[in-house]
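Since the structure comes first, as structure tokens, the remarks are kept for the end.
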Amino acid sequence: MTSGDVDDVLDVQQPGAVRSLSEVFPQDQYPFPREDVAEQWRREIADPGVSCYVVVADSKIAGFAATRGDEFLHFGIATDRWGSGLATSAHDDVLARLSNEGHERTWLKVFTENRRGRCFYEKLGWRAVGERMRSAFPPHPELLRYERAVRSVESAK
């Protein structure tokens, strides 16, 4: 991902966040903070400790991911691709990159009330470990930490 990709990434991220997180961030009170998220992406792209990726399908950006060390930091797929298998494939690619970097375990944070997200990760072998924290974005909803082993994609299937 480059800073030139940020608008296209947000065009994927915003509809997915609004659709899947409306219970967490009611849009009438807490609309998607597009400019804040754009600035966050720009900072992370510039940070040598963060790896940011785009998922491309049919020659256009259809998803995004980012890692920081052993943390699976961000992940999302365009809503018109939900259920297509693209998310699982992109997820597995990120795990393969983490494995190639020498990580044995990885972790991520999911909003406790994001049932769709939690179901997706649990289906792919992630397990909640009980650690909870609050989001920096108002209304500061709870996040739950998930972990899983990083191993070859073939052994994970």
Side-chain angles (χ1 to χ4, degrees), residues 1 9-10 12-34 36-37 39-41 43-45 47 49-55 57 61-157:
M1 182 186 307
V9 167
L10 290 171
V12 168
Q13 186 175 11
Q14 184 170 356
V18 169
R19 185 169 166 189
S20 64
L21 298 174
S22 62
E23 292 180 16
V24 179
F25 298 100
Q27 290 301 289
D28 59 334
Q29 297 173 334
Y30 304 100
F32 184 81
R34 190 175 177 102
D36 292 340
V37 175
E39 184 54 37
Q40 180 179 352
W41 274 120
R43 281 193 310 272
E44 289 172 352
I45 290 167
D47 184 338
V50 178
S51 298
C52 300
Y53 309 102
V54 292
V55 178
I61 293 177
F64 58 87
T67 60
R68 177 175 48 211
D70 62 350
E71 181 182 7
F72 200 126
L73 186 59
H74 304 296
F75 185 71
I77 298 296
T79 57
D80 65 339
R81 300 289 183 149
W82 288 3
S84 70
L86 182 61
T88 300
S89 175
H91 167 273
D92 291 350
D93 287 347
V94 174
L95 286 186
R97 288 177 182 272
L98 287 167
S99 178
N100 290 339
E101 291 171 4
H103 299 288
E104 294 182 12
R105 296 198 62 73
T106 185
W107 64 279
L108 56 76
K109 298 177 279 190
V110 180
F111 290 107
T112 304
E113 296 300 317
N114 181 357
R115 289 174 186 82
R116 181 182 180 87
R118 291 179 63 186
C119 182
F120 172 78
Y121 289 116
E122 289 169 7
K123 179 182 83 170
L124 295 175
W126 293 83
R127 297 293 170 247
V129 296
E131 183 181 341
R132 297 168 189 274
M133 62 229 61
R134 293 283 174 186
S135 169
F137 288 102
H140 310 289
E142 183 179 75
L143 293 151
L144 182 60
R145 181 178 170 129
Y146 276 72
E147 295 182 2
R148 69 161 285 169
V150 174
R151 57 187 178 272
S152 74
V153 173
E154 288 306 311
S155 67
K157 292 183 178 178

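In this structure P31 satisfies the side chain to side chain contact (heavy atoms under 4.5 Å, CB included) test together with Q27, sequence neighbours excluded. In this view, Y53 satisfies the side-chain hydrogen bond (donor to acceptor under 3.5 Å, both in side chains) rule with no residue, not counting sequence neighbours. In terms of the salt bridge (Lys or Arg N to Asp or Glu O under 4.0 Å) criterion, R116 has no residue partners (sequence neighbours excluded). Applying the ring-ring contact (aromatic ring centres under 6.0 Å, His included) criterion to H74, with sequence neighbours excluded, gives W41.
How far CD of Q14 is from OG1 of T79: 11.5 Å, rounded to the nearest 0.5 Å. Atoms OG1 and CG, from T106 and L73 in turn, are 10.0 Å apart once rounded to the nearest 0.5 Å. Atom CD of Q13 and atom CD1 of I77 lie 11.5 Å apart (nearest 0.5 Å).
Between the R145 side chain and the V129 main chain, no donor and acceptor come within less than 3.5 Å of each other. The backbone N or O of S51 lies less than 3.5 Å from no partner atom in the side chain of R68, so there is not a single donor-acceptor pair. At distances below 3.5 Å, at least one donor-acceptor pair connects side-chain atoms of R148 with backbone N or O atoms of L124.
Counting only heavy atoms from C-beta outward, the side chains of V50 and R43 never approach each other to under 4.5 Å. Side chains of E113 and E142 form no contact here, defined as non-hydrogen atoms less than 4.5 Å apart. Residues I61 and V9 have side chains in contact (heavy-atom distance under 4.5 Å, counting atoms from C-beta outward).
Within the structure, every pair that satisfies the salt bridge (Lys or Arg N to Asp or Glu O under 4.0 Å) test and touches residues 96-108, not counting sequence neighbours, is listed here: R105-E147.
For Y146 and R118, the side-chain atoms include at least one donor-acceptor pair closer than 3.5 Å.
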Just distance, no hydrogens or angles: give the donor-acceptor pairs under 3.5 Å from side chains in residues 16-25, sequence neighbours left out.
from: S20; atom 1: OG; to: G16; atom 2: O; distance (Å): 2.7
from: E23; atom 1: OE1; to: R115; atom 2: NH1; distance (Å): 2.9

Next item on the list: Given side-chain contact (heavy atoms from CB on, under 4.5 Å), test H91 with F120 step by step and report yes or no.
Entry: CA-CA 10 Å; H91 167 273; F120 172 78; 4.3 Å; yes

